[in-house]
Number of protein chains: 2
Amino acid sequence: MIKPVLVIHGGAGAISRAQTTPEVIQAYEDALRQILTEGERILAQGGCALDAVAEAVRLLEECPLFNAGYGAVFTHDAKHELDAAIMNGQTLQCGAVANVKTVRNPILAARAVMEHSPHVFFVGHDADAFARDQGLACVDQSFFSTPMRREQLQAAQRSGNETIVLDHDAMSAYQTSEAIAPLDENNKMGTVGAVALDCRGNLAAGTSTGGMTNKWPGRVGDSPLIGAGCYANNTTCAVSTTGKGEAFIRAVAAYDVSAQMEYAGRTLAQATQQLIHQKLPPLDGAGGLIAIDAHGNVAMPFNTEGMYRGSVVSGQAPFVAVHR
Amino acid sequence: MIKPVLVIHGGAGAISRAQTTPEVIQAYEDALRQILTEGERILAQGGCALDAVAEAVRLLEECPLFNAGYGAVFTHDAKHELDAAIMNGQTLQCGAVANVKTVRNPILAARAVMEHSPHVFFVGHDADAFARDQGLACVDQSFFSTPMRREQLQAAQRSGNETIVLDHDAMSAYQTSEAIAPLDENNKMGTVGAVALDCRGNLAAGTSTGGMTNKWPGRVGDSPLIGAGCYANNTTCAVSTTGKGEAFIRAVAAYDVSAQMEYAGRTLAQATQQLIHQKLPPLDGAGGLIAIDAHGNVAMPFNTEGMYRGSVVSGQAPFVAVHR
């Protein structure tokens with residue numbers, strides 16, 4: 001009898017230099033706990049890993065505390081460009097979208113690409129059009145905007161036009177409209193993700209992001225790239241990453257964990273530690289990941305000061321944490 | 001003293017059902033031989049692997065026989081959408097563009113992303129704008145169009161709107177304006193690529209494509225995805241793939257070769273055979289690849305009937321071939 005497990009993250013980064021409060025930390029932890037609880041319910045009722053992952057990521061997209069969907073950061077030209085990917089570890093089927101601007105839940109668009117097209121990856125307004133044709137909810141760009149994110153953009157642009165902010169960093173110094181986040185909004189990698197093991201032993205992974213504050217329009221990071229920001233394979237593991245996307249692309253990070261397990265016989269713990277603490281730092285690869293293997297082993301390593309993260313084994317109380 | 005080596009491909013696929021002629025085969029082989037000769041000259045003069053790869057891919061893009069740059073296939077809406085990636089095996093730096101429509105040589109845009117931006121991957125018109133800002137030649141969409149490719153689109157749309165053609169297949173039955181290609185234009189995966197080893201032991205890889213005839217607009221395949229269609233690492237190998245892009249993404253094909261060498265201790269020949277003949281077929285992964293390791297070993301396996309391919313060891317005569 002396999003015990004289902006769900007793991008989620010809301011991005012990694014540095015601890016706020018400015019003072020945060022126990023109440024704010026509590027708010028982030030409560031959000032993570034609630035999303036874990038809703039995802040766990042799917043798994044407890046015999047639902048599949050793919051459904052649990054898609055729903056957990058959708059809820060993370062809907063939560064304005066995290067940089068994906070509603071509450072996504074702004075690009076240099078004050079727009080939102082969203083990316084997402086999903087992968088089914090049983091079939092190795094996968095779907096992804098990048099640079100979408102109107103689909104409310106990019107993770108559902110990624111899933112629609114996987115399930116209702118012969119392709120894996122769509123980008124730009126054609127990806128939005130595909131999602132609309134699939135009947136997914138579409139919204140105006142302003143739907144994604146929150147006052148917190150607009151202030152982050154303005155702060156980044158005040159501090160130099162070239163400053164690209166990995167979500168959750170500049171916030172602490174400039175924040176006015178909301179309480180200070182526990183991870184520094186100027187140094188946080190803004191991605192959300194989920195991995196799950198269901199009662200039939202199937203794995204799935206999903207990742208979604210709003211990118212980086214003040215990033216160049218058209219830039220795509222690792223999140224929607226199968227093998228970089230997202231990977232799932234029943235024979236090894238499911239992985240969702242968060243960090244400096246360029247380094248995670250260069251390391252082919254998510255698939256590297258699977259390859260270490262498949263080809264070097266390493267455990268999930270060994271493979272993820274090797275990636276996060278040995279391979280990524282020389283590539284300027286600040287960040288972290290969540291991962292799960294087919295036995296239900298969970299790893300949540302990060303080489304930053306904190307990562308919004310949580311896990312739940314079906315039938316048990318959820319674990320959530322922000323700092324080390 | 002390391003002997004530089006350059007390897008190129010112009011796509012894999014089935015042998016033409018209709019009769020081709022020795023003259024046409026000769027034309028393809030001559031094009032491959034000439035591009036090898038020009039790339040080899042760079043390496044023989046002490047040039048770096050990255051320069052040789054970029055120039056070989058640029059020349060393949062400029063040759064109308066191959067589906068990249070000038071001579072790219074048409075999408076469903078009769079446009080051209082081009083993708084390319086390049087990677088430096090010495091530094092693991094890489095750059096890529098997808099869904100570009102006006103930059104004349106996508107491989108040069110990918111290199112500019114690598115060398116002149118803090119990012120790895122740009123998509124859509126922002127990628128075109130970046131290339132233009134970098135001073136790269138930009139052209140009207142009509143520049144890429146050739147009568148052969150327009151007939152391929154018309155044939156695909158006559159045979160059913162849903163027919164997506166992997167370059168080099170429908171041609172044979174419908175071709176009127178040009179001689180019949182040695183690989184079936186309706187069953188060929190249209191990608192070009194190059195990998196090189198230079199006299200200092202550095203590896204590089206580059207891949208470029210015009211996609212698939214009649215493909216859905218916005219679809220991106222494996223070619224511009226680091227780890228899927230292109231990968232280079234001095235400690236293992238350089239790889240450029242060609243085939244059904246979706247399968248190559250699901251297999252994280254290019255990085256899989258490197259991971260097999262790094263983690264399982266396999267040779268380049270063993271790793272590439274395993275990928276092409278064991279891993280890809282269950283994923284419907286028709287295609288092939290070119291690869292080279294730091295010792296100058298070359299592999300050019302494919303699981304289709306043919307692949308336009310060639311290699312040259314500096315100072316020796318080039319080898320070129322189309323069929324097995």
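Reminder, nothing fancy here: chain letters follow the sequence lines and each chain counts from 1. Remember, predicted model here, so these are calculated numbers, not experimental data. The figures here come from the full heavy-atom set of this structure, side chains too, leaving out hydrogens, waters and symmetry mates.
Between chain A and the options B/G227, B/P282, B/A259, the largest number of non-hydrogen pairs under 4.5 Å is found for B/A259. In terms of heavy-atom pairs under 4.5 angstrom with chain A, the leader among B/A127, B/G218, B/A129, B/A247 is B/G218. Highest contact tally toward chain B, considering only A/P217, A/G124, A/A228, is held by A/P217 [criterion: heavy-atom pairs under 4.5 Å]. With chain B as the partner, the residue from A/G265, A/A264, A/A96 showing the most heavy-atom pairs under 4.5 Å is A/A264. In terms of heavy-atom pairs under 4.5 Å with chain A, the best-connected choice from B/Q93, B/E246, B/M87, B/H125 is B/E246.
Within the 4.5 Å cutoff, no side-chain heavy atoms of A/F122 are placed close to those of B/N99. Between B/E262 and A/Y263 the shortest side-chain heavy-atom distance does not fall below 4.5 Å.
Evaluated for a side-chain contact (heavy atoms from CB on, under 4.5 Å) with B/I249, the options A/L92, A/L225, A/V120 yield exactly one hit, A/V120.
Proximity to chain B (any heavy atom under 4.5 Å) is shown, for A/S258, by neither the backbone nor the side chain. With a 4.5 angstrom heavy-atom cutoff, A/N233 does not touch chain B via any of its atoms.
Heavy atoms only, all atoms of each residue included: B/W216 and A/H116 are closest at CH2-O, 4.1 Å.
Atoms CZ and OG1, on B/R250 and A/T91 in that order, are 6.0 Å from each other to the nearest 0.5 Å. In this structure, A/D126 CG and B/D77 CG are separated by 7.0 Å, a value rounded to the nearest 0.5 Å.
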